[in-house]
Amino acid sequence: MLKLYNTLTHKKEPFEPRESGKVRMYVCGITAYDECHLGHARAAVVFDVVYRYLKFLKYDVTYIRNFTDVDDKIIKKSADTGQSCEAITAKYIQSYQEQMTRLRVLAPTEEPRATQHIKEMVGLIERLIANGLAYASGSDVFFEVRKFRGYGKLSHKKIDDLESGARVEIDEKKKDPLDFALWKGAKPGEPEWDSPWGKGRPGWHIECSAMSMKYLGERFDIHGGGRDLMFPHHENEMAQSEGVTGKAPFAKYWLHNGFVNINAEKMSKSIGNIRSMPAILAQWDPEIVRYFLLSNHYASPLDFTDESMTNAREALRRFYETLNRFYQTPDGAETPALPLAETEKVFQTSLDDDFNTAALVGGLFDQIRILNKFLDEGRRPTAAAKKELVAGLQRISAVVAIFDADPAEFLQKQKDQGIQKLALSEKQINDFITERKQARLAKNWQRSDEIRDTLASHNVVLKDNPDGTTGWEIKIA
RNA sequence: GGCGGCGUAGCCAAGUGGUAAGGCGACGGUCUGCAAAACCGUUAUGCACCGGUUCAAAUCCGGUCGCCGCCUCCA
């Protein structure tokens, strides 16, 4: 039985979709004005696992993740660079999709864009005005927060507390400082659309109401996004959506993923420690990044450091090293006593418990130890045993999308990437190995060890195999 | 100031009432010419601290301290 932590109720609840067998899910995507970063990747990967797990549970899932392609930041970037807003958003949307593909994030059912739903937004705003929850002021339209009963129920805030926070900007066009824009009158040089209130553009929150309702209906099951979106974005989105329909809850379950920190510090533009995905994926294998992102419960903070990434890499290397050994061992007549079925049970129990991906890793490494021991004893697995292991891993991977690479390819890829960071070429390494082999045959241990130390100082670690060959791998700390 | 979260070994991290998974690292051993990898063993008599409930608590309750997030655009 799947249980999930619902921000709205503040409790872990059994998951019961509104319509049996079907799940409708909406997740806030990116504002396309810059390269996506690790935080975007975390949200995408986390909800990708949610999506995949719901499908694994045989739900018919409709998953919507939007692109915000009209926004102050985009307009500013356009003004700063001279590029059109369309060119900017097209560029970063494409880049986002490329990065997500590399991270094995499945494409959602639809990826609607705000600018393609202006008409729907205008329709919602008109209904809000008709319902007495919004008012036009000049060429702007605002949502009147105090008219909506229940404002603050998602982020668990009281209107009066917010008011005293006093960080809300004063705008003489608003009746109340907390009121937020549904529609903004056009300023020269900005993108604009026709509306009953004159030319203008939508406020930030209304787009998600419009797109979620269009694709999922007036009420749906799961709404996700980063913690920071809880307030004000999701609070406002919920208020205006329920304000339009008069039906609650707008989304039954609200899920919020935690932040990524960089060396224990919040990742932010002002600190200047943003890690863009193109940069990260140039350095780390996507599977390592994905493993890292899933090595922690989705709602907890996650600290990106050299050490945490090295740990992730080493864990996967160990995993694939063993698998590679296992698969390459000639077929025999024995079946290792792998508790695969049990692992799969643990896997499902873990994910059932609020998508706890961190808990499932342990079980997998138990198998690794068992496999290594089996092989260390010189035993040979049957072809069927090999196939069964592959199949089992694929069943798990269908949800987490890690642990199912071809082991030899994974290791080779790590090596290939590593070589580029070395001061040595592959040929130089092989020449050293050849020379060392001669030295070893001559029992010239001094020269042999000298060569090994030299290579080690270049982060190349040698491994003498029982058959006389010497393998090597790159170990950068 | 308001609201929320967290504090488990050197580091990362599961575990929400039944006696501390797993990964990285370290140390000892087996293997090896020596290493590396792998395997075996050791590495938290204790889960921030103090009280309480219970036959039993990392897990529930109360308090203390510390860290963090949100309240402003942000995944």
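In what follows, every chain begins at residue 1, and chains take the letters A, B, ... in the order their sequences are listed. Scope of the values below: all heavy atoms of this structure, side chains included, with no hydrogens, waters or symmetry mates.
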Checklist entry - Which pairs, with at least one residue in residues 271-297 of chain A and sequence neighbours excluded, count as a salt bridge (Lys or Arg N to Asp or Glu O under 4.0 Å)? => result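 Salt bridge (Lys or Arg N to Asp or Glu O under 4.0 Å) check on residues 271-297 of chain A returns Asp48(A)-Arg290(A), Asp285(A)-Lys413(A).
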Checklist entry - Does anything in residues 221-232 of chain A pair up under salt bridge (Lys or Arg N to Asp or Glu O under 4.0 Å), and if so which pairs, sequence neighbours excluded? => result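 The answer is none; no pair qualifies.
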Checklist entry - Can you find a donor-acceptor pair, distance only, under 3.5 Å between Asp366(A) side chain and G22(B) base? => result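 Check fails, no donor-acceptor contact within cut-off.
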Checklist entry - Parallel, tilted or perpendicular: which describes the rings of Phe15(A) and Tyr253(A), with under 30° parallel and over 60° perpendicular? => result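 Answer is tilted, since the angle falls between 30° and 60°.
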Item to check | Asp352(A): side-chain hydrogen bond (donor to acceptor under 3.5 Å, both in side chains) partners, not counting sequence neighbours | outcome: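 Partners of Asp352(A) under the side-chain hydrogen bond (donor to acceptor under 3.5 Å, both in side chains) test: Tyr53(A).
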Can you list the residues that meet the salt bridge (Lys or Arg N to Asp or Glu O under 4.0 Å) rule with [X], with sequence neighbours excluded?
X	result
Asp179(A)	none
Glu144(A)	Lys147(A), Lys175(A)
Glu450(A)	Arg447(A)
Glu473(A)	Arg317(A), Lys475(A)

Strictly below 4.0 Å: does [X] bring a side-chain N or O up to OP1 or OP2 of [N]?
X	N	answer
Lys266(A)	C70(B)	yes
Trp204(A)	C74(B)	yes
Asn356(A)	G15(B)	yes

Checklist entry - How does RNA chain B look in dot-bracket form if you count Watson-Crick and G-U pairs under 3.5 Å, write [ ] for pairs that cross, and put | where a base pairs with another strand? => result ((((((((.[[[..)..(...]]]((((((.......))))))....[[[[[..)....]]]]])))))))....
Checklist entry - Does one side chain, of Gln240(A) or Ser209(A), offer a donor that lies under 3.5 Å from an acceptor on the other? => result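 Note: Gln240(A) and Ser209(A) side chains meet the donor-acceptor criterion.
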Checklist entry - With respect to the side chain of Asp353(A), which nucleotide from U16(B), A75(B), G5(B) is positioned closest? => result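 Comparing U16(B), A75(B), G5(B) against the side chain of Asp353(A), the answer is U16(B).
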Checklist entry - What string of B, S and - do you get for nucleotides 6-12 of chain B, 5' to 3', if B is base contact, S is sugar-phosphate-only contact and - is no contact with any protein heavy atom under 4.0 Å? => result -----S-
Next on the checklist: For a quick check, with a 4.0 angstrom heavy-atom cut-off, what is the B/S/- contact string for nucleotides 36-44 of chain B, read 5' to 3'?
Outcome noted: BSBSS----
Checklist entry - Listed by chain and number, what are the ring pair (Phe, Tyr, Trp, His ring centres under 6.0 Å) partners of Phe365(A), not counting sequence neighbours? => result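 Result, ring pair (Phe, Tyr, Trp, His ring centres under 6.0 Å) vs Phe365(A): none returned.
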Checklist entry - Roughly how far apart, to the nearest Å, are A58(B) and U53(B) at atom P? => result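 These two P atoms come out 16 Å apart once rounded.
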Next on the checklist: Rounded to whole Å, how long is the line connecting atom CZ of Phe231(A) with atom P of G4(B)?
Outcome noted: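 Distance, rounded to whole Å: 15 Å.
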Checklist entry - Tell me: NE2 of His234(A) to P of C71(B), nearest whole Å? => result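 So the NE2-P distance, His234(A) to C71(B), works out to 13 Å.
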Side-chain donor-acceptor pairs under 3.5 Å in residues 69-76 of chain A, sequence neighbours left out?
residue  : atom : partner   : partner atom : Å
Asp69(A) : OD1  : Ala114(A) : N            : 3.3
Asp69(A) : OD1  : Thr115(A) : N            : 2.9
Asp69(A) : OD1  : Thr115(A) : OG1          : 3.3
Asp69(A) : OD2  : Thr115(A) : OG1          : 2.7
Asp71(A) : OD2  : Lys73(A)  : N            : 2.5
Asp72(A) : OD1  : Arg201(A) : NH1          : 3.1
Asp72(A) : OD1  : Arg201(A) : NH2          : 2.8
Lys76(A) : NZ   : Asp80(A)  : OD2          : 2.9

